There are 2 protein chains.
Amino acid sequence: MDSMGIMVRKQTAADQALRLDNQICFAVYSTAHAFNRVYKPLLDRLGLTYPQYLVMLALWERDDVAVKDLGERLFLDSGTLTPLLKRLEAAELIRRTRSTEDERVVLIALTPQGHALREKAKAVPQSILAASDCTVGELLAMKDEIVALRDRLNAALGE
Amino acid sequence: MDSMGIMVRKQTAADQALRLDNQICFAVYSTAHAFNRVYKPLLDRLGLTYPQYLVMLALWERDDVAVKDLGERLFLDSGTLTPLLKRLEAAELIRRTRSTEDERVVLIALTPQGHALREKAKAVPQSILAASDCTVGELLAMKDEIVALRDRLNAALGE
DNA sequence: CACAGTTATATTGTGCACAATGTAAAATAT
DNA sequence: ATATTTTACATTGTGCACAATATAACTGTG
């Protein structure tokens with residue numbers, strides 16, 4: 001209580017930590033959504049959603065991979081990937097085939113249209129760069145910091 | 001073609017930019033998911049999802065606000081907030097009442113249980129800090145960078 | 001070989017996230 | 001004052017994201 005008899009709460013460190021603006025996770029969360037909104041009109045032209053675009057990026061680098069491999073690279077599980085991949089298959093960008101060596105495995109391969117889409121996608125990164133209003137160097141430095149944080153968080157999960 | 005007659009693709013800047021590992025947006029996206037997974041067990045004890053926790057953080061700072069105000073602070077629209085708020089109301093953490101001054105407005109107020117939950121939530125930030133394996137200073141510096149990026153992306157959307 | 005345990009993918013259910021649309025109330029224009 | 005526009009919220013439909021569970025295929029051990 002102060003001299004007027006009114007309760008004055010002491011601002012503890014715990015109180016400060018609960019402020020929305022102090023949360024790095026909210027910064028990351030809201031930035032992810034902002035990216036999503038910037039990507040949307042660009043990816044609409046390719047007929048892709050943002051997670052589908054990430055899958056295509058992964059496949060353009062390496063093809064004929066198991067769902068599990070994709071999941072590890074993108075940090076996604078089969079509950080997310082299975083329906084997403086079925087939609088990409090319906091769009092005829094990929095093919096899903098059971099491995100003959102190990103029938104548990106479903107291999108994901110690009111169709112010719114899937115390969116071809118890469119050319120149209122080349123214009124995307126520079127549009128994002130422009131929207132970010134940063135230099136490539138700044139973005140790469142930030143990326144490295146964020147990835148380091150992500151890897152520490154994932155490491156903490158494994159313990 | 002090289003001297004062996006095999007196609008050797010020139011690695012252009014556009015090719016590099018399409019590499020998954022070079023995408024800052026994937027770094028942000030995957031870090032948001034990593035945060036979500038770290039928060040999950042902590043928030044389970046509070047009976048909250050991560051977006052619900054963000055709403056509660058906002059309400060603990062300021063109460064009796066319109067859905068629109070919450071949406072602007074959290075960058076979310078009514079399509080996301082309306083069902084989320086109904087779940088918080090069902091959990092008796094908040095109350096939703098139409099404003100008498102402007103009947104379009106729905107005001108969100110904390111219940112006593114909603115206020116009380118704040119005490120249990122005080123333990124959350126330090127657990128996250130521990131999982132991040134960073135100092136407070138490092139995290140705050142990163143947060144400021146990420147928020148600056150988010151604000152630039154959002155500004156680009158407005159144009 | 002049998003069988004217990006593991007692995008890869010699929011399915012189900014819940015909860016965001018957002019575009020598009022609807023509705024009623026308020027503000028503004030004519 | 002009536003008509004038009006804007007605003008706040010709700011609803012619907014699509015697509016993640018993930019926990020929990022199911023299923024079939026593989027692996028290792030006795």
Side-chain angles (χ1 to χ4, degrees), chain A residues 25-26 29-41 43-44 47-56 65-91 94 96-108 154 157, chain B residues 25-26 29-41 43-44 46-56 65-72 74-91 94 96-108 154 157:
Chain A
C25 59
F26 175 59
Y29 165 90
S30 53
T31 305
H33 291 325
F35 265 121
N36 223 317
R37 285 188 281 263
V38 171
Y39 269 102
K40 180 111 191 9
L43 296 183
D44 278 350
L48 296 174
T49 65
Y50 180 66
Q52 289 169 5
Y53 173 67
L54 290 181
V55 167
M56 294 302 287
V65 292
V67 173
K68 184 182 193 297
D69 290 341
L70 274 178
E72 282 170 1
R73 289 167 74 191
L74 300 171
F75 305 96
L76 296 173
D77 68 3
S78 71
T80 301
L81 285 176
T82 296
L84 186 155
L85 291 169
K86 285 182 175 175
R87 281 186 283 269
L88 288 180
E89 188 181 38
I94 65 165
R96 299 160 64 247
T97 51
R98 288 263 162 204
S99 166
T100 50
E101 294 158 28
D102 184 341
E103 296 220 341
R104 293 170 303 181
V105 171
V106 170
L107 293 172
I108 308 299
N154 282 332
L157 280 172
Chain B
C25 60
F26 175 59
Y29 166 90
S30 53
T31 305
H33 291 326
F35 265 121
N36 223 317
R37 286 189 280 263
V38 171
Y39 268 101
K40 181 110 189 12
L43 296 182
D44 278 349
L46 306 183
L48 295 175
T49 65
Y50 180 66
Q52 289 169 6
Y53 173 67
L54 290 181
V55 168
M56 294 302 287
V65 291
V67 173
K68 182 182 194 300
D69 289 341
L70 274 177
E72 281 171 2
L74 299 171
F75 305 96
L76 296 173
D77 67 4
S78 71
T80 301
L81 284 175
T82 296
L84 186 156
L85 292 169
K86 283 183 177 175
R87 282 186 282 270
L88 288 180
E89 187 181 38
I94 66 164
R96 299 160 64 247
T97 51
R98 288 259 163 209
S99 166
T100 50
E101 294 158 28
D102 184 341
E103 296 220 341
R104 293 170 303 180
V105 171
V106 169
L107 293 172
I108 307 298
N154 281 332
L157 279 172

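In what follows, chains carry the letters A, B, and so on, assigned in the order in which the sequence lines appear, proteins first and then strands, with residues in each chain numbered from 1. Computed from a predicted model, the values in this text were never measured in an experiment.
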J.: Run the salt bridge (charged side-chain N to carboxylate O under 4.0 Å, His left out) test against A:Glu89 and tell me which residues pass, sequence neighbours left out.
T.: A:Arg96
J.: How would you list, by chain and number, every residue that makes a salt bridge (charged side-chain N to carboxylate O under 4.0 Å, His left out) with A:Lys86, sequence neighbours excluded?
T.: none
J.: Considering residues at least two apart in sequence or located in another chain, which fulfil the side chain to side chain donor-acceptor pair (under 3.5 Å) criterion with A:Tyr39?
T.: B:Gln23
J.: Return the set of residues passing salt bridge (charged side-chain N to carboxylate O under 4.0 Å, His left out) with B:Asp102 (not counting sequence neighbours), or none when no residue passes.
T.: B:Arg104
J.: What is the nucleic acid contact for B:Leu76, judged by heavy atoms within less than 4.0 Å: base, sugar-phosphate only, or nothing?
T.: sugar-phosphate
J.: Output a table of nitrogen or oxygen pairs between the protein and nucleotides 12-15 of chain C separated by less than 3.5 Å.
T.:
none

J.: The side chain of A:Glu103 is closest to which nucleotide in this list: D:dA25, D:dA19, C:dA26?
T.: D:dA25
J.: So which one's nearest nucleotide on DNA chain C is more toward 5', A:Asp102 or A:Lys40?
T.: A:Asp102
J.: Output all residues satisfying side chain to side chain donor-acceptor pair (under 3.5 Å) with B:Ser78, sequence neighbours left out; order by chain, then residue number.
T.: none
J.: Between protein and nucleic acid, restricted to nucleotides 1-7 of chain D and to nitrogen or oxygen atoms under 3.5 Å apart, what atom pairs and distances do you find?
T.:
unit_1: D:dT7; atom_1: O2; unit_2: B:Arg104; atom_2: NH1; d: 3.1

J.: Tell me what B:Glu72 touches on the nucleic acid: a base, only sugar-phosphate, or nothing, going by heavy atoms under 4.0 Å.
T.: nothing
J.: Using five base pairs at each end, measure the axis-to-axis angle across the helix from C:dC1-D:dG30 to C:dT30-D:dA1 and round it to 10 degrees.
T.: 10°
J.: Would you mind telling me which of C:dT9, C:dC16, D:dA19 lies closest to the side-chain atoms of A:Val106?
T.: C:dT9
J.: Report the residues that fulfil side chain to side chain donor-acceptor pair (under 3.5 Å) with B:Arg98, sequence neighbours left out, ordered by chain and then residue number.
T.: none
J.: With sequence neighbours left out, write down each residue that passes side chain to side chain donor-acceptor pair (under 3.5 Å) with A:Glu72, or none if nothing qualifies.
T.: A:Lys68
J.: In chain order, what residues pass the side-chain contact (heavy atoms from CB on, under 4.5 Å) check against A:Arg37, with sequence neighbours excluded?
T.: A:His33, B:Phe75, B:Asn154, B:Leu157
J.: From the list D:dT11, C:dT11, D:dA17, which nucleotide is the closest neighbour of the side chain of A:Ser78?
T.: C:dT11
J.: Quick one: is A:Tyr29 getting a side-chain N or O under 4.0 Å of the C:dA17 phosphate, OP1 or OP2?
T.: yes
J.: Considering just the side-chain nitrogens and oxygens of A:Arg98, establish if one lies under 4.0 Å of OP1 or OP2 belonging to D:dC26.
T.: no
J.: Applying salt bridge (charged side-chain N to carboxylate O under 4.0 Å, His left out), can you list everything that pairs with B:Arg87, at least two apart in sequence or on another chain?
T.: none
